[in-house]
Amino acid sequence: MSESRTGGAIATAYRFVSGHHMDGIRRTDAGWISRGTRSLDGGRVSRWSLLSRAERAGIRLGSAAATGGTLWAFQAAPEATVQGLQAASAGASVALGYNSVEAVRRAIHNREWVRPLHVALEGPLGLPEGMTHRSYIHIPRDYPERTDVGRIDLPATFVGVDGGAATIRAIVRTKLGLSDATVTFKLEGRRPHLEIRQTPRPPAKVMFADESVRELMAAASESAPLIGVGPQDIRVSVDLDAESPHILVSASTGGGKSVITRTMAAQMLHNGSQLVVLDFKRHSHKWARGLPNVAYCRDIEDIHDALVHLGREGHHRNIVVDDWEGEGDAPVGPRLALILEEANATVSKLKRYWAANREKEDPKESPAIDALREILFMGRAVRMHVFLVAQSATAAALGGPEVRECFATRILARYTRNAWNMLVPEVQPVPRSTRHIGRAQVVLGGVAHETQVAFYTDSEAREWATSGTVAATPDLGGAGTAPARHVTPMGGPLTSVDTPSVSRDVTPTLTLVKTGPAVPPRPSIPPQVARYSLAAAAREGIVPLSADALRQAKRRDPEFPEGEGGKWTADELQKWHRNRPGAAESIA
């Protein structure tokens, strides 16, 4: 018995100092100085098992020496040792906390990206059974921001795969979400591997304070504001006249949605555009409050009225375009940008507001949402552009898939895989989302452009918005919170505007110019002209039809007058009744 105990103690001591596992079971192919690459039984193994024997032995002996040294020091100087241990304990706690956070992040990275890549590569690379992803895939967590993405080690016996190089490259790009990566085989020597590289990333920051950025913005046209800078200093912008009249911005909280829209809006204001901000959240664009070329609506009642008014403005501009027979663009008035913040919540609020305030005879659908849809369907010629901001731009939230299709340009930041596949499924593989501040993907025509969005401070945005050609305040028919000013209503010739109060650190220079020929006045209905619901029109005998027949005609007859707020004038209904199909036969 004593001999067996002695033999067991010797074996234990030998395993301890030689780096073997203490139970004597060999789990990986790790050697004395080489780390392990695969599990011998095909199961999962710990990082400890993948260390070389020399590393394991060094850690054990170092720990034993530290413990022995601490005990000796405690006997020699107890108080000093306790103080040293307390300080060491505090430092160890901080280090442990940091390492714990890093371990969680590393585990998530491995689970989401590295392990799926390993599973996909096992067959095509012909990897030995039991090989672990930790032993040969070296992809750091920040690889989307790097030019040198990482390396994949190959077995020493690997000499290539007949016809499989393209497959392996496709697997690597798809699983890592890299659309512009090159995968190079390095098979010479004793350590064959794959090198993964991608084109240079966009700059870390694009600040308005930089002279080069200001020059880019000064050179940008009114219809194509600078969004940001891409790889190799490529200027990223979207031409609202030639490419996409409306832009959808989708990002999670903190993704920079308001920064993106502010960047474009300030430049358009600088070049003579008008801006309407519909911000139920109330504080997304504080920089724009009180500017002479901005109308800011924060209450749901104002947002409702503003959208209805803008719908009429768009209809008026369409008439001007239709009647225009001169050269060049029709004189529809200043370019108008509409920022709709937090569209999911705002559309929902508009629906509830209309349901609570409409009369029995009014249409069930909110006229504000109907007006927004009409603006989105209008052509580029009316010079009205919607920048719609949403965390989750689902078709249901926006009023249907056909509404979402009005946005040819879509900007995504801090997106989920589901959000990407919902909004731009045609762009694959899905680029990995990054938490880099100001980084976004600008998608146009089925191509994603990684972009570092240009950034203004609030005071810089105000300065730029009021330092060029400054338009009049948008006329919203009384909706909005802009202070009263002496201005010509929107669509008329721009003449003068009183200087508004602005923040002290901004000294705007107001340069007022005509934007083109005077626009024909908008048709209006005198206040004294009465309007009737369909039920009231039938009851008053304005037309010889029942309320039911009028409702059916409204649904089926494309020539039925639009009305205003679910009500019509007697002239509108009588004119329709005289000219409706079959009217001549009934009169005869």
Side-chain angles (χ1 to χ4, degrees), residues 112-113 116-117 120 143-145 149 166-183 196 198-199 201-202 224-225 227-232 234-252 255-257 260-261 264 340 343-344 373 376-380 385-434 436 439-453:
E112 296 294 327
W113 301 98
L117 176 60
Y143 75 84
E145 307 298 326
V149 174
T167 300
I168 293 172
R169 291 188 177 99
I171 290 173
V172 170
R173 294 190 188 105
T174 301
K175 289 299 180 182
L176 294 181
L178 301 173
S179 58
D180 55 356
T182 59
V183 181
I196 309 168
Q198 58 182 339
T199 58
R201 311 274 37 91
I227 298 174
V229 177
Q232 299 176 329
I234 295 175
R235 178 184 181 276
V236 179
S237 64
V238 175
D239 194 324
L240 300 173
D241 286 342
E243 296 172 323
S244 172
H246 311 298
I247 295 177
L248 171 64
V249 180
S250 176
S252 60
K257 301 184 291 292
I260 295 170
T261 51
M264 295 184 289
L340 178 58
N344 299 71
R373 189 178 294 120
L376 289 172
F377 286 135
M378 289 177 186
R380 298 172 175 83
H385 312 285
V386 177
F387 299 157
L388 189 142
V389 180
Q391 287 195 29
S392 178
T394 61
L398 302 183
E402 70 280 359
V403 176
R404 200 167 61 192
E405 291 306 309
C406 294
F407 298 95
T409 298
R410 302 176 185 187
I411 304 176
L412 293 86
R414 293 194 184 182
Y415 46 84
T416 64
R417 185 179 292 270
N418 287 339
W420 184 275
N421 287 330
M422 176 180 68
L423 294 177
V424 283
E426 70 277 11
V427 181
Q428 297 293 334
V430 179
R432 182 178 178 180
S433 181
T434 175
H436 185 99
R439 190 63 53 86
Q441 296 283 351
V442 180
V443 183
L444 175 65
V447 179
H449 306 271
E450 188 178 14
T451 304
Q452 185 65 29
V453 177

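Because only heavy atoms are used, hydrogens play no part in the values below, and waters and symmetry mates are left out as well, while side chains stay in. Nothing here was measured: the structure is a model prediction, and the numbers come from that model.
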What's the shortest heavy-atom distance between [X] and [Y], and which atoms?
{"X": "Ala390", "Y": "Asn344", "value": "CB-OD1, 3.1 Å"}
{"X": "Ala120", "Y": "Lys175", "value": "CB-CE, 4.0 Å"}
{"X": "Leu248", "Y": "Phe407", "value": "N-CD2, 3.5 Å"}
{"X": "Gln428", "Y": "Pro425", "value": "NE2-O, 3.3 Å"}
{"X": "Arg201", "Y": "Pro144", "value": "CD-O, 2.7 Å"}
{"X": "Gly255", "Y": "Ala413", "value": "O-CB, 3.5 Å"}

Task: Partners meeting ring-ring contact (aromatic ring centres under 6.0 Å, His included) with Tyr143 (sequence neighbours left out) - done: none

Roughly how far, to the nearest 0.5 Å, is the [atom2] atom of [Y] from the [atom1] atom of [X]?
{"X": "Ile411", "Y": "Met264", "atom1": "CD1", "atom2": "CE", "result": "4.5 Å"}
{"X": "Leu423", "Y": "Ser392", "atom1": "CG", "atom2": "OG", "result": "8.0 Å"}
{"X": "Ile196", "Y": "Leu178", "atom1": "CD1", "atom2": "CG", "result": "7.5 Å"}
{"X": "Leu388", "Y": "Arg404", "atom1": "CG", "atom2": "CZ", "result": "11.5 Å"}
{"X": "Asp180", "Y": "Glu450", "atom1": "CG", "atom2": "CD", "result": "7.5 Å"}
{"X": "Thr182", "Y": "Arg173", "atom1": "OG1", "atom2": "CZ", "result": "7.5 Å"}

Main-chain N/O of [Y] paired to [X] side chain as donor or acceptor, under 3.5 Å:
{"X": "Arg380", "Y": "Glu243", "result": "yes"}
{"X": "Arg432", "Y": "Gly177", "result": "no"}
{"X": "His246", "Y": "Val386", "result": "yes"}
{"X": "Ser250", "Y": "Ala393", "result": "no"}
{"X": "Arg410", "Y": "Val424", "result": "no"}
{"X": "Thr416", "Y": "Ala419", "result": "yes"}
{"X": "Thr451", "Y": "Gly228", "result": "no"}

Open item on the list: Holding to salt bridge (charged side-chain N to carboxylate O under 4.0 Å, His left out), I want the full list of residues that pass it with Asp239, two or more places apart in sequence or in another chain.
Closed with: none

Non-hydrogen side-chain atoms of [X] and [Y] separated by less than 4.5 Å:
{"X": "Val447", "Y": "Val427", "result": "no"}
{"X": "Pro431", "Y": "Trp420", "result": "yes"}
{"X": "His385", "Y": "Ile247", "result": "no"}

Open item on the list: If you count every heavy atom of other residues, nucleotides or ligands that lies below 6.0 Å from Arg235 atom CZ, does the total exceed 12?
Closed with: yes

Open item on the list: Run the side-chain contact (heavy atoms from CB on, under 4.5 Å) test on Glu145 and Arg439 for me, step by step, so that the C-alpha distance in whole Å, both residues' side-chain angles and the decisive distance to 0.1 Å come before the verdict.
Closed with: CA-CA 10 Å; Glu145 307 298 326; Arg439 190 63 53 86; 2.9 Å; yes

